[in-house]
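Before any comments, here is the structure.
When reading the values below, keep in mind they use all heavy atoms of this one structure, side chains included, and skip hydrogens, waters and symmetry mates. Proteins come first, then strands; the chains are lettered A, B, ... in the order of their sequence lines, and each starts at number 1.
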Amino acid sequence: MAPVSRDRRPSMNDKPEGKDRQVTEITPQSEDFSAWYIDVVRRAELADYSPVKGCMVIRPYGYAIWELIQQALDRRIKETGHVNAYFPLFIPEGLLTKEAEHVEGFAPQVAYVTHGGGEKLEERLIVRPTSEAIIGTMYAKWIQSWRDLPVLINQWANVVRWEKVTRPFLRTTEFLWQEGHTAHETEAQAEEETLKILDLYKDTIESELAVPVLTGRKSESEKFAGALRTYSIEALMGDGRALQAGTSHNLGQNFARAFDITFQARDKSLQHVWGTSWGVTTRLIGAVVMVHGDDNGLMLPPRIAPYQVVIVPIPRGNWQQTVLPRARELRASLQTAGIRVTMDDRDTYTPGWKFAEWELRGVPLRLEIGPRDIEQSQVMLVRRDTREKLPTPVEGLARRVEELLAMIQASLFETALRFRDEHTTRTDSYEEFKRIMEGRPGFVVSLWCGSQKCETDIKTETQATIRNLPFRDPGQPISGSCIKCGQPAREVAYFAKAY
RNA sequence: CGGGAUGUAGCGCAGUCUGGUUAGCGCACCUGACUGGGGGUCAGGGGGUCGCCGGUUCGAAUCCGGCCAUCCCGACCA
């Protein structure tokens, strides 16, 4: 990650001065979606670049969004019987290497600690890229009997994966996430847990972030290193590229064997536990930006908006004595109703400037109040998504605001869903497939023979990858042929260019 | 890690080719006044180791060498 590209915009010196100057400081989406994304993240003060390569600072406004996402997820994770714990950041190198596929998958991305206390370490430590190794080690100590199962632990943590190409929220060297790690008595229970969490993710992300997601299973080549099966939720961004928004892994007994996590079963035999792990990350914030944002900036779903309403008092005459006290009363009454509200009473900016600024920051509802409104016992509400201006009586204001917030939440989801539907194409023609993947692609649903060769060839030729394989009725066999090789198909697959 | 490009104020850039006063411009920032219902106007002001190290020269942002960083494009990833 790095300073924003320098050659993107023409020099201000080349432009006419004054009124013709571009005012938003945000590159239009249509001109350069990546630049637009970076501009929004920085101008909305979600995050900033740090002096450490690939690492970003999550600023208070961005972190507040993360906290709301956390709360929504944490509540659901606990409601389904899980408990939180915390495992260490450092993992002895030897532990990571116990599971062969796991170490092979993560070795290139691991950061090592070689010195501590001024001395070279006997055994190098790795900075966790994920915590299967350390948690598995502990589970081996804690689990003796079938009566100890299931173990359902989640942790909120930071992890480090050395990345070559980084982008704020979407891919950074260090990121925040939650990782659940469970151990079960039977394979069926592990599978049930894996799928239960996938649904939990889908529900949370759709109802709180208003981001529609596709659930399904990852192909062999895209699954988690060391897992039996990986399931994912996939979302479509505004530029037609897919983003993996969360994963849930059925680890089988792979880690149990590697870390010797055994229990005595009901039939007195000694068995390995069946494991799962699952996580979502701060990448979700990137998804929210790219799914809902527009050329005016960020657009936040009310449920995760740090401020659901911003009050802008209109300064006229001695407004500090007339308008401001009324605005404060309104703020208090909205707060009492449980609405997250802020007031921008800065004297140094004009109302017009504030309107643009808070739209850029994605606040769902703006409340304007000036002398004219006070005379008529009303306020002016303005929706971020439609920019509709709604004169609203002060009487019953809080209830009306709550209604509008719910409408905005629903509308954002519907708009995103419609966009995804419009950018999802079913095809059996590889020519059409290739054509769709040019420009602003989207999802393509096609049949696949299941061979890794076809998967790789498609990626080479179109940059598209299998995002996941949707769930289907096992009773319904697939008839048709692979989009690439024409052999009998064994899977339906969602393809897309991915982040 | 391979190919291409760029490092000058918080951001975006000019100046470098052709070495020479005190390194400029727009935005942002600070002070004041007038303003204020969609990014106001005027006046004044602050802010720079010119990526780093070394060399050439009376003199280096500018020329030479090395290093570092970042961005874009190709192989890996939540």
Side-chain angles (χ1 to χ4, degrees), chain A residues 1-27 32 34-35 38-39 42-43 48-49 51-54 104-109 129-130 159-167 169-179 201 218 221-222 224-225 230 232-235 243-249 278-287 296-297 312-317 319 323 346-360 366 368-373 379-380 382 387 389 391 459-460 463 465 498-499:
Chain A
M1 217 168 313
V4 178
S5 154
R6 268 124 203 258
D7 54 5
R8 179 174 86 240
R9 279 191 292 258
S11 161
M12 286 299 192
N13 288 339
D14 300 341
K15 291 195 165 183
E17 305 290 324
K19 300 276 188 276
D20 293 315
R21 194 177 58 81
Q22 188 176 351
V23 290
T24 64
E25 305 165 39
I26 293 178
T27 308
D32 183 341
S34 299
I38 300 288
D39 288 347
R42 297 193 76 181
R43 271 296 280 115
D48 200 359
Y49 296 102
V52 185
K53 177 180 157 57
E104 191 188 328
F106 278 104
Q109 291 186 281
T130 178
V159 288
V160 167
R161 298 180 186 178
W162 222 255
E163 297 286 353
K164 296 184 174 159
V165 182
T166 58
R167 292 225 277 161
F169 293 114
L170 302 178
R171 177 162 300 110
T172 48
T173 298
E174 178 188 9
F175 57 91
L176 305 183
W177 75 347
Q178 60 66 217
E179 50 178 326
Y201 284 160
K218 282 292 192 182
S221 66
E222 298 261 342
F224 178 71
T230 289
S232 75
I233 47 174
E234 306 278 334
L243 183 76
Q244 180 170 301
T247 47
S248 185
H249 317 291
W278 27 274
V280 298
T281 77
T282 37
R283 170 182 265 194
L284 289 175
I285 296 172
N296 294 316
V312 179
I314 304 302
R316 274 282 179 86
W319 66 284
V323 178
R346 289 176 291 181
D347 195 22
T348 44
Y349 295 98
T350 61
W353 189 91
K354 292 176 185 175
F355 298 166
E357 181 69 10
W358 290 106
E359 279 175 12
L360 193 156
R366 176 172 76 244
E368 302 173 17
I369 177 163
R372 295 207 297 264
D373 302 302
V379 298
M380 188 67 80
V382 186
R387 303 182 100 194
K389 297 204 169 191
K459 184 177 182 183
T460 308
Q463 291 179 37
T465 50
Y499 273 96

Can you find a side chain N or O atom of A:T350 that sits less than 4.0 Å from OP1 or OP2 on B:G40?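 So the side-chain polar atoms of A:T350 do come within 4.0 Å of the phosphate oxygens OP1 or OP2 of B:G40, strictly under.
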Does B:C29 have OP1 or OP2 sitting under 4.0 Å from an N or O in the side chain of A:Y349?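 Affirmative; the distance criterion is met.
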Options [options], nucleotide nearest the side-chain atoms of [X]:
X      : options             : answer
A:Q463 : B:G37, B:G74, B:C77 : B:G74
A:L360 : B:C77, B:G39, B:G36 : B:G39
A:P371 : B:C77, B:G37, B:G38 : B:G37
A:P351 : B:A75, B:G38, B:G36 : B:G36
A:R387 : B:G38, B:A75, B:G37 : B:G38
A:V382 : B:G38, B:G37, B:G36 : B:G38
A:D373 : B:G37, B:G39, B:A75 : B:G37

[N]: pairing nucleotide in any strand, Watson-Crick or G-U under 3.5 angstrom:
N     : answer
B:G36 : none
B:A60 : none
B:U16 : none
B:G47 : none
B:G10 : B:C27
B:G74 : B:C1
B:C52 : B:G66

Separation of the [atom1] atoms in [N] and [M], to the nearest angstrom:
N     : M     : atom1 : answer
B:A69 : B:A61 : P     : 24 Å
B:U49 : B:A9  : P     : 8 Å
B:G2  : B:C76 : C1'   : 14 Å
B:C64 : B:G10 : C1'   : 33 Å
B:A60 : B:G32 : P     : 43 Å
B:U22 : B:C50 : P     : 15 Å
B:A43 : B:C58 : P     : 47 Å
B:G48 : B:G65 : C1'   : 26 Å

Identify whether any heavy atom of [X] sits under 4.0 Å from a base atom; if not, whether one sits that close to sugar-phosphate; answer base, sugar-phosphate or nothing.
X      : answer
A:Q109 : sugar-phosphate
A:L170 : base
A:V379 : nothing
A:R346 : nothing
A:P315 : base
A:K354 : nothing
A:T281 : base
A:G370 : base

A:I314 and A:P351: which non-hydrogen atoms are nearest, and at how many Å?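 Looking at all heavy atoms of both residues, the shortest contact is CD1-CB, 4.0 Å.
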What's the shortest heavy-atom distance between A:G297 and A:I26, and which atoms?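 That would be CA-CD1, 3.9 Å.
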Rounding to an integer number of Å, can you tell me how far [X] [atom1] sits from [N] [atom2]?
X      : N     : atom1 : atom2 : result
A:K218 : B:C77 : NZ    : C1'   : 11 Å
A:K389 : B:G37 : NZ    : C1'   : 6 Å
A:I314 : B:G36 : CD1   : P     : 11 Å
A:H249 : B:C77 : NE2   : P     : 13 Å
A:R43  : B:G39 : CZ    : P     : 15 Å
A:D48  : B:A28 : CG    : P     : 19 Å
A:W353 : B:U35 : CH2   : P     : 22 Å
A:D347 : B:C34 : CG    : P     : 11 Å

Would you say the side chain of A:R366 and the base of B:G38 hold a donor-acceptor pair, judged only by whether the two atoms sit under 3.5 Å apart?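 Checked by distance alone, the answer is yes.
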Between B:G39 and A:N296, counting only base atoms on the nucleotide and side-chain atoms on the residue, is there a donor-acceptor pair under 3.5 Å?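 When only heavy-atom distances are counted, A:N296 does not reach the base of B:G39 through any donor-acceptor pair under 3.5 Å.
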Atom [atom1] in [X], atom [atom2] in [Y]: separation rounded to 0.5 Å?
X      : Y      : atom1 : atom2 : value
A:T172 : A:R167 : OG1   : CZ    : 12.0 Å
A:K218 : A:Q244 : NZ    : CD    : 4.0 Å
A:L360 : A:D39  : CG    : CG    : 9.5 Å
A:F169 : A:I285 : CZ    : CD1   : 4.5 Å

RNA chain B: 5'-proximal contact among A:T348 and A:G246 (nearest heavy atom):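 The residue whose closest nucleotide sits nearer the 5' end is A:T348.
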5′-ward residue of the pair A:W177/A:E357 relative to RNA chain B: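 First, find each residue's nearest nucleotide; the 5'-ward one identifies A:E357.
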So is A:R366 actually on top of A:F355's ring, under 6.0 Å and inside 45° of the axis?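 Yes, A:R366 sits over the ring of A:F355.
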Side-chain touch A:E163/A:E174, heavy atoms, less than 4.5 angstrom: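 They are not in contact (no side-chain heavy atoms under 4.5 Å apart), so the answer is no.
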Between A:Y201 and A:V280, is there a side-chain heavy-atom distance shorter than 4.5 Å?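 Yes - at least one pair of side-chain heavy atoms lies under 4.5 Å apart.
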